[in-house]
2 protein chains.
Amino acid sequence: MLEDPRRQKKLKILIQKLGLPVTAPVDLSLLDLALTHPSISSTHNYEQLEFVGDSVVRLISAELLMEIYPQEPVGEFAAIRSIIVSDRILAELAESFGIEPYLLIGSNATGNPAGRQSWLADAFEAVLGALYLSTHNMDLIRPWLDQALATRAAEVLRDPARFNYKDALQEWTQRKYKILPKYQVRQNKQVELPQHENRFVAEVWLQERHLGKGYGRSKKAAEQAAAKDALLLIKANNN
Amino acid sequence: MLEDPRRQKKLKILIQKLGLPVTAPVDLSLLDLALTHPSISSTHNYEQLEFVGDSVVRLISAELLMEIYPQEPVGEFAAIRSIIVSDRILAELAESFGIEPYLLIGSNATGNPAGRQSWLADAFEAVLGALYLSTHNMDLIRPWLDQALATRAAEVLRDPARFNYKDALQEWTQRKYKILPKYQVRQNKQVELPQHENRFVAEVWLQERHLGKGYGRSKKAAEQAAAKDALLLIKANNN
């Protein structure tokens with residue numbers, strides 16, 4: 001039981017911000033815990049709920065992708081999901097739903113802006129964990145989260161260049177083979193201008209297997225292009 | 001709608017084998033799909049359901065570990081879960097629930113015994129996906145799966161040496177830092193007997209950070225011991 005009436009009142013406002021009715025059967029003690037950063041308490045904090053919530057958002061994403069894009073191969077699902085459940089996107093979602101003001105966090109932690117994306121994403125996952133554990137189904141989550149995730153998934157499909165293909169490829173090789181892809185980058189000898197967009201050429205390998213090849217203005221851009229090439233190959237092979 | 005009455009009848013027997021009533025609201029078309037290996041059809045097979053089911057078993061494991069071991073730190077949860085949702089354990093569960101006879105699979109695939117653990121685990125995950133999507137909650141799964149997972153989790157906690165610490169550590173570093181741990185193994189100069197149980201010494205690093213150290217009769221055993229040492233350190237630090 002959450003005792004503090006002021007905290008109770010605040011958390012009920014948050015519930016309504018998510019678009020849920022104020023009478024929704026949310027366990028307020030769990031929601032309070034989900035919004036307690038480890039800097040407040042090393043034992044009574046959001047870490048366990050984050051562990052549950054990480055699985056919740058992955059399951060909802062899997063289900064949603066299967067519903068919206070039933071014809072897409074599973075390799076594509078894995079790639080899209082690895083982007084829409086990334087810290088970057090989850091932190092953006094936490095911001096868009098206005099969760100940050102409800103997070104209890106020590107000033108020593110907020111003083112480190114580099115960590116902000118990470119704890120926003122963690123707290124967002126923990127909130128999902130708390131809502132899931134309140135009813136043991138997705139009824140308190142999907143009504144407001146589905147549209148946000150579907151929008152992100154559509155963005156990834158429409159303009160994949162904005163997103164991180166290397167992460168997506170790594171998730172796929174980890175899941176499928178428990179190994180990481182390796183990149184080899186070299187200068188493209190056919191190009192002499194330093195700013196040329198094909199200045200570097202990258203190849204990505206999974207042990208002995210050549211997965212893809214890409215070009216770029218920088219080494220990083222060439223690696224991303226190679227990862228994209230590999231993901232398209234995986235998609236074409238439907239595995 | 002699943003048309004074939006013989007297949008329907010068979011799948012209803014499987015439902016009862018899982019301990020569910022024959023009237024349970026299982027979508028038989030989905031269950032049929034979950035038990036169709038890609039060697040039967042490259043498009044109409046269990047792959048999408050496996051993708052969903054992988055998240056289902058992870059979520060159930062997270063929830064279950066939090067319920068049974070509320071005092072354990074999250075690092076320990078991640079280690080235990082990476083073992084109980086491994087292909088090895090999921091294939092064992094598929095066998096113990098007698099799922100294999102219901103799997104439609106081409107003889108070209110069954111001819112490769114090395115793949116058996118993998119497709120048993122995949123089909124088991126797909127069955128979980130089908131049951132989850134039948135009701136959009138865990139009501140058709142937790143009644144029979146919880147006890148099996150709890151038993152495995154207790155085994156891991158009681159006798160961790162039987163399990164694979166390297167996999168568990170790798171899952172943790174991947175999740176937390178998106179990089180893999182590196183092992184350095186050398187002969188232990190203080191030991192001269194070739195069969196001595198401290199013959200090799202392994203150290204495991206995460207970039208510049210020393211995570212753990214372990215000894216073993218073989219290089220492999222020393223690495224496992226180092227991974228275990230690292231997981232205990234992580235557990236002690238509660239992160």
Side-chain angles (χ1 to χ4, degrees), chain A residues 30 38 42-43 45-67 69-78 81-82 85-87 118 122 126 128-129 132-133 135-139 142 164 166-167 170-171 174-180 237-239, chain B residues 30 38 42-43 45-67 69-78 81-82 85-87 118 122 126 128-129 132-133 135-139 142 164 166-167 170-171 174-180 237-239:
Chain A
L30 286 180
S42 65
T43 53
N45 61 47
Y46 64 45
E47 287 182 330
Q48 288 191 336
L49 290 170
E50 176 203 343
F51 183 66
V52 173
D54 173 70
S55 303
V56 168
V57 71
R58 286 172 172 273
L59 175 53
I60 290 177
S61 302
E63 198 178 344
L64 192 66
L65 289 169
M66 209 176 145
E67 285 167 11
Y69 306 110
Q71 302 309 325
E72 291 287 334
V74 165
E76 185 77 351
F77 285 173
R81 185 176 70 176
S82 79
V85 305
S86 65
D87 274 6
S118 169
D122 292 349
L128 299 182
Y132 171 76
L133 292 175
T135 60
H136 297 275
N137 59 41
M138 307 302 185
D139 291 354
R142 296 198 59 178
N164 191 335
K166 281 180 70 179
D167 283 359
Q170 176 173 324
E171 166 163 320
Q174 274 291 117
R175 189 177 128 77
K176 199 93 178 173
Y177 301 104
K178 300 206 170 154
I179 49 176
L180 293 179
N237 288 347
N238 195 9
N239 61 355
Chain B
L30 286 181
S42 65
T43 52
N45 61 48
Y46 63 46
E47 287 183 332
Q48 288 191 335
L49 290 169
E50 176 203 344
F51 183 65
V52 173
D54 173 71
S55 303
V56 168
V57 70
R58 287 172 171 273
L59 175 53
I60 290 177
S61 302
E63 197 179 346
L64 193 66
L65 290 169
M66 209 177 146
E67 285 167 12
Y69 306 110
Q71 302 308 325
E72 290 287 333
V74 165
E76 185 77 353
F77 285 173
R81 186 176 68 176
S82 79
V85 305
S86 65
D87 274 6
S118 171
D122 292 349
L128 300 182
Y132 172 75
L133 292 176
T135 60
H136 297 276
N137 59 41
M138 307 301 185
D139 290 355
R142 296 198 58 178
N164 191 335
K166 281 179 72 179
D167 282 359
Q170 175 172 325
E171 165 162 322
Q174 274 290 116
R175 187 176 129 78
K176 200 91 178 174
Y177 301 105
K178 301 207 171 153
I179 48 176
L180 293 179
N237 288 347
N238 197 9
N239 60 355

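Below, each value reflects all heavy atoms present in this structure, side chains not excepted, and no hydrogens, waters or symmetry copies. Convention: sequence-line order gives letters A, B, ...; per-chain numbering from 1. Remember, predicted model here, so these are calculated numbers, not experimental data.
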Apply side chain to side chain contact (heavy atoms under 4.5 Å, CB included) to A:Ile179 and list each qualifying residue two or more places apart in sequence or on a separate chain. A:Tyr177, A:Leu206, A:Gln207
Listed partners of A:Ser82 passing side chain to side chain contact (heavy atoms under 4.5 Å, CB included), at least two apart: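 In terms of side chain to side chain contact (heavy atoms under 4.5 Å, CB included), with neighbours along the sequence ignored, A:Ser82 is linked to A:Ala168, A:Glu171.
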For the CZ atom of A:Phe77 and the CD atom of B:Glu47, what is their distance to the nearest 0.5 Å?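 Going from CZ on A:Phe77 over to CD on B:Glu47, the span is 11.0 Å.
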Reported CG-to-OH distance for the pair A:Leu59 and B:Tyr132, which is rounded to 0.5 angstrom: 4.5 Å
Heavy-atom pair with the smallest gap, counting every atom of A:Gln48 and B:Tyr69: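 The answer is NE2-O, 4.3 Å.
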Quick one: do A:Met66 and B:Leu133 satisfy side chain to side chain contact (heavy atoms under 4.5 Å, CB included)? Show the steps, please. CA-CA 11 Å; A:Met66 209 176 145; B:Leu133 292 176; 4.0 Å; yes
Is chain A contacted by the side chain of B:Asp167, its backbone, both, or neither, given a heavy-atom distance below 4.5 Å? side chain
Is A:Pro38 close to chain B through its backbone or its side chain, or both, or neither, when contacts mean heavy atoms under 4.5 Å? neither
With a 4.5 Å cut-off on heavy-atom pairs, point out which of A:Met138, A:His136, A:Arg58 contacts chain B the most. A:His136
